[in-house]
Amino acid sequence: MSRVAKKPIAVGAGVSVAIDGQHVTIKGGKGSLSLELHPDVTVAQDAGALTVRPVAETVGAWAQAGTARAVLNNMVRGV
């Protein structure tokens with residue numbers, strides 16, 4: 001299991017997140033970034049934070065979830 005994937009991503013003020021299935025778009029004061037998620041990963045937005053979860057409890061799905069969480073965190077910090 002990925003420890004990285006278990007941490008929520010804090011979304012700061014001025015940053016908006018749009019989730020459309022597997023497509024995530026993050027917009028902020030410095031621009032807009034988008035990402036197409038791997039099919040083994042789901043993302044949800046709850047109370048100012050993003051949570052990334054694997055679809056199945058497999059090693060590969062947890063690895064994909066950890067990678068997606070790291071990329072999304074960098075996107076939020078970048079905009």
- Evaluate whether atom CG of Asp20 has more than 12 neighbouring non-hydrogen atoms of other residues, nucleotides or ligands under 6.0 angstrom away.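 Count not over threshold, so no.
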
Do [X] and [Y] make a side-chain contact, defined as non-hydrogen atoms from C-beta onward lying under 4.5 Å apart?
{"X": "Ser16", "Y": "Ile26", "result": "no"}
{"X": "Thr42", "Y": "Val52", "result": "no"}
{"X": "Arg53", "Y": "Trp62", "result": "yes"}

Can you see which heavy atom on [X] is nearest to which on [Y], and at what distance?
{"X": "Val41", "Y": "Ala68", "result": "CG1-CB, 4.0 Å"}
{"X": "Gln22", "Y": "Pro39", "result": "NE2-CA, 3.7 Å"}
{"X": "Gly66", "Y": "Ala5", "result": "N-CB, 3.6 Å"}
{"X": "Lys27", "Y": "Val79", "result": "C-CG2, 4.1 Å"}
{"X": "Ala49", "Y": "Pro8", "result": "CB-CB, 4.3 Å"}

Nearest 0.5 angstrom please: [X] [atom1] to [Y] [atom2], how far?
{"X": "Arg77", "Y": "Leu72", "atom1": "CZ", "atom2": "CG", "value": "13.5 Å"}
{"X": "Thr58", "Y": "Asp40", "atom1": "OG1", "atom2": "CG", "value": "6.0 Å"}
{"X": "Ile9", "Y": "Gln45", "atom1": "CD1", "atom2": "CD", "value": "10.5 Å"}
{"X": "Thr51", "Y": "Lys7", "atom1": "OG1", "atom2": "NZ", "value": "15.0 Å"}
{"X": "His23", "Y": "Glu36", "atom1": "NE2", "atom2": "CD", "value": "6.5 Å"}
{"X": "Leu50", "Y": "Ile19", "atom1": "CG", "atom2": "CD1", "value": "5.5 Å"}

- Hphob cluster co-occupancy, Val4 + Leu37, side-chain heavy atoms under 4.5 angstrom: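 Looking at the clustering, Leu37 is in a separate group from Val4.
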
- Query: Val24 and Val17: side chain to side chain contact (heavy atoms under 4.5 Å, CB included), yes or no, with the steps?
  - Reply: CA-CA 7 Å; Val24 180; Val17 179; 4.1 Å; yes

